[in-house]
Amino acid sequence: MVATTSQTVVVAGGSLAGHTVVAELARRGFAGDVVWVRGPEGTGPYSRPALSKELIQGKVTRDDIRLPAPEAYGLRLRVVDHAVCARLDPDDDRVLVTSAPGARGEPSDGDWIPFDALFVCTGTRARLPEAFAGLPNVHCLRTLADAERIRERLPGRPRTVVVGAGLVGSEIAASLRSCGLPVELVVQGRLPMDTVFGDDLGQFCLDRHHAHGVTTRLLTTVTGLSAAGPDGPVVLTFDDGGQTSADLVVLGLGAVTACEWLRGSGLDLSDGLGCDEALRTARPNVFAAGDVANWRHPVFGRRMRVEHWSNASAQARHAVESWWAGQEGREPPAFAEVPYFWSDQYGLKYQMVGHARGHDEVSVERTGADGHPFVTYFREGRVVAAAGVNAPRAVMRMKARIQSEGTTTQGAYAG
């Protein structure tokens, strides 16, 4: 490898993608310096999927979900906690690292750190409308601290309203109901998780919520939240004129990419951080991985961002390979991993492989002794995704087919 001991790599972001970049650099025997700016939390990396499931339900503790420290293998690693990358110099290869808002100690003007390579793994943060910010008993769920604050409220069995019924919202509602709380789920669309799974699995998810005692409001948007003091109920107002009250409100309104600090750097920030098929940005020594990365997928022939746990680690390893290949004078390969995710609710495991957006046909089968739905999604006659409940083998068998049909007919997926 061309890399020398004088090289410096900066890794921005302390979740799984950043953790994996550091581990991969160490595994490959990188001989230079690594500065890992892990963000504002100061907790070290942990399993985010566990927050809305096992941790909320009290099945695990924060220590149980910590990711193991990367094996050093002699890596010269400097970890910077309670700090963020605040700016990328548009004229030079350096980043400004400052204390995170609310960090301990006196705020500073920050330090400029020059780099030979920068890996952007800053991910996303919970979407929180400004009008709802700071209200007592109203929480998002994105961080370990968020999950622990919600968990602290559960012994009092508060009446809970979960706003938003995507993956995270549906998981939170299922977890809180499994803890015995009275739960109401506000669904902005026709069905829970329908933007991900479509009607058949969306209806299945809705039926499961109802079977476990969750009440739902469909096609409903929250237009106002008001709190009657720090210990009083929260009143929710809806677009149809209705109201309800809750002791605890959890917002599951999606996420926004954490890349404002890159404004003015000349990089494409139209939806996350734009990069090519090898995860290289417009600056050849800046790479992206995880939720923030927006790249053209060679199997599906379209740009996408994937906010899934397994994608973050796979992309991080690939981003390191892309940089490594450039150092050795090789052309890096395209990142062509087929997306995969899972969701655990009421003892059932929902799984999906592929990318269903833009599909024009579905096929629905029934699998297993309980006849759970298994859905195959097509676009222009080709399989682009598959999803099922408690059907891991059937789902994962489709991965190779999606990869094969996509890579051999890439032109059909343009758009």
Side-chain angles (χ1 to χ4, degrees), residues 49 52 127 162-174 185-212 214 216-221 252-255 271 297 299-311 338-368 370-403 405-406 412-413 415:
S52 57
R127 187 184 302 276
V162 178
V163 181
L167 279 174
V168 172
S170 291
E171 287 181 351
I172 294 169
L185 179 62
V186 179
V187 186
Q188 290 181 294
R190 293 178 52 249
L191 297 164
M193 302 195 298
D194 59 350
T195 59
V196 178
F197 288 130
D199 288 351
D200 296 281
L201 278 172
Q203 184 64 54
F204 180 87
C205 179
L206 179 67
D207 293 343
R208 299 290 76 69
H209 282 308
H210 288 168
H212 286 84
V214 173
T216 57
R217 290 176 183 257
L218 305 180
L219 294 169
T220 305
T221 300
L253 300 176
D271 177 19
H297 200 299
V299 172
F300 302 97
R302 54 173 45 192
R303 301 195 68 81
M304 63 177 68
R305 278 194 317 106
V306 176
E307 298 179 11
H308 302 320
W309 185 251
S310 59
N311 179 76
V338 174
Y340 164 77
F341 72 89
W342 76 96
S343 177
D344 297 319
Q345 301 174 35
Y346 306 116
L348 300 174
K349 184 174 289 292
Y350 298 76
Q351 292 174 292
M352 187 171 197
V353 64
H355 186 71
R357 184 173 300 172
H359 71 272
D360 52 27
E361 182 184 354
V362 298
S363 171
V364 182
E365 306 170 57
R366 299 289 165 176
T367 62
D370 295 317
H372 297 325
F374 182 88
V375 183
T376 306
Y377 306 80
F378 300 86
R379 184 178 177 199
E380 298 178 4
R382 297 169 176 85
V383 177
V384 292
V389 180
N390 288 358
R393 293 181 180 178
V395 170
M396 298 313 294
R397 275 198 301 267
M398 299 300 292
K399 184 175 184 179
R401 180 177 173 184
I402 294 166
Q403 189 108 33
E405 292 192 9
Y413 294 99

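A quick note: this is a predicted structure, and the numbers were derived from the prediction, not measured. Nothing fancy with the numbering, it's 1 onward along the sequence. Every heavy atom of this structure was used, including side-chain atoms; hydrogens, water molecules and symmetry mates were not.
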Are any non-hydrogen side-chain atoms of Gln345 and Glu171 less than 4.5 angstrom apart?
yes
For the student: nearest non-hydrogen atoms of His359 and Arg379, plus distance
CA-CB, 4.3 Å
About how many Å separate CE of Met304 and NE2 of His355, when rounded to the nearest 0.5 Å?
4.0 Å
Heavy-atom closest pair, residues Val186 and Thr220
CG1-O, 3.7 Å
Nearest atoms (heavy-atom pairs only) where Leu185 meets Ala173
CD1-CB, 4.1 Å
Measuring only between side-chain heavy atoms, which start at C-beta, is Tyr340 closer than 4.5 Å to Gln351?
yes
Quick one: does Glu405's side chain have a donor or acceptor within less than 3.5 Å of a partner on Val383's backbone?
yes
Determine the minimum heavy-atom distance between Met398 and Ala386, stating which atoms define it.
CG-CB, 3.5 Å
Does any N or O in the side chain of Asn390 come within less than 3.5 Å of the main-chain N or O of Lys349, such that one atom is a donor and the other an acceptor?
yes
Heavy-atom nearest pair, Val364 first then Pro373, reads CG1-CB, 4.4 Å
Kindly indicate whether the side chain of Pro49, heavy atoms from C-beta on, has any atom under 4.5 Å from the side chain of Trp342.
yes
Is there a side-chain contact between Phe341 and Asn311 (heavy atoms, below 4.5 Å)?
no
Side-chain contact test, heavy atoms from C-beta onward, threshold under 4.5 Å: evaluate it for Ser343 versus Phe197 and give yes or no.
no
If you round to the nearest 0.5 Å, how far is OH of Tyr350 from CG of Leu167?
10.5 Å
Give the ring-plane orientation class for Tyr346 versus His209, where under 30° counts as parallel, over 60° as perpendicular and anything between as tilted.
perpendicular
Would Glu365 and Ser363 satisfy side chain to side chain donor-acceptor pair (under 3.5 Å), going step by step from the backbone distance to the final call?
CA-CA 7 Å; Glu365 306 170 57; Ser363 171; 4.6 Å; no
Side chains of residues 198-207: which donor-acceptor pairs under 3.5 Å do they make with residues two or more places apart or in other chains?
from   : atom 1 : to     : atom 2 : distance (Å)
Asp199 : OD1    : Arg190 : NH1    : 3.0
Gln203 : NE2    : Asp207 : OD1    : 2.9

Has the side chain of His308 got a donor or acceptor atom that lies under 3.5 Å from a matching backbone atom of Ser310?
no
Out of curiosity, Arg397 CZ to Lys399 NZ, how far, rounded to the nearest 0.5 Å?
15.0 Å
Quick one, Thr221 and Gln188 - any side-chain contact, counting heavy atoms below 4.5 Å?
yes
Correct closest heavy-atom pair for Met193 and Ser170 would be CG-OG, 3.5 Å
Donor-acceptor contact below 3.5 Å, side chain Arg127 vs main chain Gly254:
no
Using only atom types and a distance under 3.5 Å, with no angle test, would you say the side chain of Asp360 pairs donor to acceptor with the backbone of Glu380?
yes
